[in-house]
Undergrad: 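The structure under discussion is supplied below as C-alpha cells; questions concerning it will follow.
Naming convention: chains lettered A, B, ... in sequence-line order (proteins, then strands); numbering from 1 in each chain. All values below were derived from every heavy atom in this structure, side-chain atoms included, with hydrogens, water molecules and symmetry-related copies excluded.
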2 protein chains.
Amino acid sequence: MTITVHGEKELAARTGHLFAKPEREFLCAAADLNTWSRREARVTAIGDIAHRVQQGLTIRKLYSSAALTDEEQRLHLLDLRSAGAQVRIAATALPHETIISDRKAMILAGRTIRGEREFTATTSTILIEGVHAMFEAAWEGAITLTDYLAQDLPHIDADGKAVLQMLTTGLTDEAAARRMGVSLRTYRRRVAEMMRLLEAESRFQAGVRAGELGLAG
Amino acid sequence: MTITVHGEKELAARTGHLFAKPEREFLCAAADLNTWSRREARVTAIGDIAHRVQQGLTIRKLYSSAALTDEEQRLHLLDLRSAGAQVRIAATALPHETIISDRKAMILAGRTIRGEREFTATTSTILIEGVHAMFEAAWEGAITLTDYLAQDLPHIDADGKAVLQMLTTGLTDEAAARRMGVSLRTYRRRVAEMMRLLEAESRFQAGVRAGELGLAG
DNA sequence: CACCGCGTGGCAGCAAATGGCCACCCGGGG
DNA sequence: CCCCGGGTGGCCATTTGCTGCCACGCGGTG
C-alpha cells in the first residue's frame with residue numbers, strides 16, 4: 001500500500017502509527033536534522049532511543065555533511081551516538097529524506113513545493129527492499145561520525161547558513177543585508193568569511209562548493 | 001581479487017580482458033560519456049554492441065544529465081539505444097564511474113589526481129553484489145532517455161562547458177577570456193548566457209545549479 | 001552589387017563586490 | 001578608571017562584473 005501526502009502534519013497524522021514503535025531496525029537518511037523533524041521532538045527523543053536500543057533495536061542514521069555545520073546539530077548527533085544509534089556521514093547531499101522502519105514501512109520525501117514537502121509512504125516490500133539496498137550501499141560508502149569529526153570540515157554556524165541562504169536566493173548584497181538586519185559592510189564580511197571557509201575564490205566557486213556540501217538547499 | 005591502478009592505460013592493460021566479452025549483463029554508470037572512454041572507441045563500438053545484444057547481452061547505461069548537454073554525446077546516446085542498450089538518466093552527478101560486467105568483474109573510478117584517475121578493479125562477489133544493489137536502486141530511481149528528452153534541460157555546448165570550467169576554477173573574467181582566446185566582452189556574454197540557461201540570477205546561484213547538474217566537475 | 005543576420009569586439013557607463021581604514025560600542029580584565 | 005580585543009558599521013578607493021550601443025567582418029540571399 002502506497003500513499004502520497006503533503007506536509008509534515010498530514011504525514012504524521014496518517015502514517016505516524018507505522019513508525020512510532022520500531023522493534024528491530026530503524027533507518028534514516030537525510031541531509032541534516034532540521035529538514036526532517038523539529039527540534040522539540042528531537043530533544044525529547046534521546047531517552048526513548050537509548051531505551052529502545054537496550055531492547056534490541058538497531059538505529060542507523062545517515063546524514064550529509066550539512067548536519068555537521070551547526071553546533072546544535074553537531075551536539076545532537078553526538079547525543080544520538082551516545083544513546084546507541086549509529087551515525088554516519090555520506091558524501092552526497094541526500095536531498096530526499098528516507099525512513100525505513102523494520103523493513104515494513106518506508107517514507108520517501110520529495111522536493112518542497114510551495115513551502116510544503118510531499119511525502120510518499122509505503123509498506124510495499126518491493127519498494128522497501130530496493131531502497132533498503134540503496135541505503136546499505138550508501139551506508140557502506142559513508143564514514144562514521146567519529147571518523148568524520150576526526151578530519152574537519154568548514155564549521156558554518158546558523159549565521160553562515162543564513163548568508164548561504166541569501167546567496168542561493170540570488171539576492172543582491174544590499175537586499176540580503178537588509179533582510180538579515182545587518183549593514184552592507186557586515187554582510188559582505190560574512191560572505192567573504194563563507195568564501196574563505198569554502199576555500200572559494202569566486203562566488204561561483206562558492207556556490208559549487210556549497211552545493212557539494214549540501215548547504216545550498 | 002582487488003587491485004588499484006592509475007590511469008586509463010594501466011587499467012586497460014591489466015583488466016581489459018575482464019571486460020572485453022560480457023555475455024549476460026553489462027552495467028555502466030558515469031557522469032557522461034567523455035569521462036569514461038575516448039571518442040574513437042565509442043564510435044567503433046556501436047556495431048559490436050548491436051551484435052552482442054542480439055546474442056542475449058543486456059546493456060544498461062546510467063548517466064547524469066551532464067551527458068545530454070552536448071550534441072555529440074546526445075547523438076551517441078541515441079545510437080546506443082538504437083543498438084539495443086538501455087539508457088537512463090539519473091538525478092545525481094555520478095562522479096564515480098562504475099562498470100559491472102556479468103556480475104563477475106567491476107571497475108570503480110576514483111577522483112582525478114594529477115591528471116590521472118585512480119581505478120579499483122575487483123572480482124570480489126561481495127563488493128560487486130553491494131554495488132550492483134546500489135546500481136539497481138539508482139537505475140530504478142532514474143528516468144529513461146526517452147522520458148528525459150521529452151522534458152528538456154539546458155542545452156550547453158562545449159563552449160558553454162568551457163565557460164563553466166573557467167568559472168569553477170575561480171579565474172577572473174579577464175584571465176578566463178585570455179585563456180579561452182576570446183575578448184572580455186564575448187566571455188561575459190557567454191557567462192550571461194550560461195546564467196540564463198541555468199536560470200540563475202547571481203553567479204553563486206549559477207554555481208549551485210551547475211553543481212546540481214554535474215556540470216562543475 | 002546591396003542587404004541581411006549573426007557572432008564578435010571595443011567602448012562607455014553603471015552596478016556590484018571587495019577590502020582597507022577608522023570610529024564606535026561593549027564586556028572583560030588590569 | 002584605563003586599556004584591550006572583538007564585532008560592528010560607515011566611508012571610500014579599487015576591482016570586478018554587467019550591459020547597452022555601435023562598428024566590423026563574414027557568409028548567405030536576392
Undergrad: Over how many whole Å does the gap from R178(A) atom CZ to dG9(D) atom P extend?
TA: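 Answer to the nearest Å: 15 Å.
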Undergrad: Starting at CZ of R203(B) and ending at C1' of dT18(C), how long is that distance when rounded to a whole Å?
TA: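 After rounding, the reported distance stands at 14 Å.
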Undergrad: For S202(B) and for T186(B), locate the closest nucleotide of DNA chain C by heavy-atom distance; then report the residue assigned to the nucleotide nearer the 5' terminus.
TA: T186(B)
Undergrad: Could you tell me the separation between the CD1 atom of I99(B) and the OG1 atom of T15(B), rounded to the nearest 0.5 Å?
TA: 8.5 Å
Undergrad: Rounding to an integer number of Å, can you tell me how far Y187(A) OH sits from dT18(C) P?
TA: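 Atom OH in Y187(A) sits about 10 Å away from atom P in dT18(C).
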Undergrad: Salt bridge check, E174(B) against R178(B): does any charged N sit closer than 4.0 Å to a carboxylate O?
TA: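 Yes, this pair counts.
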Undergrad: Evaluate L77(B) against K61(B) for side-chain contact (heavy atoms from CB on, under 4.5 Å), listing each step before the verdict.
TA: CA-CA 9 Å; L77(B) 287 181; K61(B) 286 170 171 279; over 6 Å; no
Undergrad: For R196(A) and dT18(C), give me the distance from atom CZ to atom P, rounded to whole Å.
TA: 15 Å
Undergrad: Who pairs with R14(B) by salt bridge (Lys or Arg N to Asp or Glu O under 4.0 Å), at least two apart in sequence or on another chain?
TA: E10(B)
Undergrad: Quick test of your reading of the model: are R190(B) and E193(B) salt-bridged, counting only N-O distances below 4.0 Å?
TA: no
Undergrad: Between atom CE in M195(A) and atom C1' in dG19(C), what is the gap in whole Å?
TA: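 That distance rounds to 12 Å.
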Undergrad: Would you please confirm or rule out a distance under 4.0 Å between OP1 or OP2 of dG9(C) and any side-chain N or O of R188(B)?
TA: no
Undergrad: If a protein heavy atom is under 4.0 Å from the base, mark B; if only from the sugar-phosphate, S; if neither, -; do that for nucleotides 20-25 of chain C going 5' to 3'.
TA: BB----
Undergrad: What's the CG-C1' distance between D173(B) and dA16(C), to the nearest Å?
TA: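 Taking atom C1' of dA16(C) as the reference, CG of D173(B) is at 13 Å.
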Undergrad: Calculate the interatomic distance between M180(A) atom CE and dT8(D) atom C1'; express it in whole Å.
TA: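 Atom-to-atom, M180(A) to dT8(D), this comes out as 13 Å.
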Undergrad: Rounded to the nearest angstrom, tell me the gap between atom CD in E193(B) and atom P in dC6(C).
TA: 14 Å
Undergrad: If you measure from NZ on K161(B) to OG1 on T168(B), what distance do you get to the nearest 0.5 Å?
TA: 11.5 Å
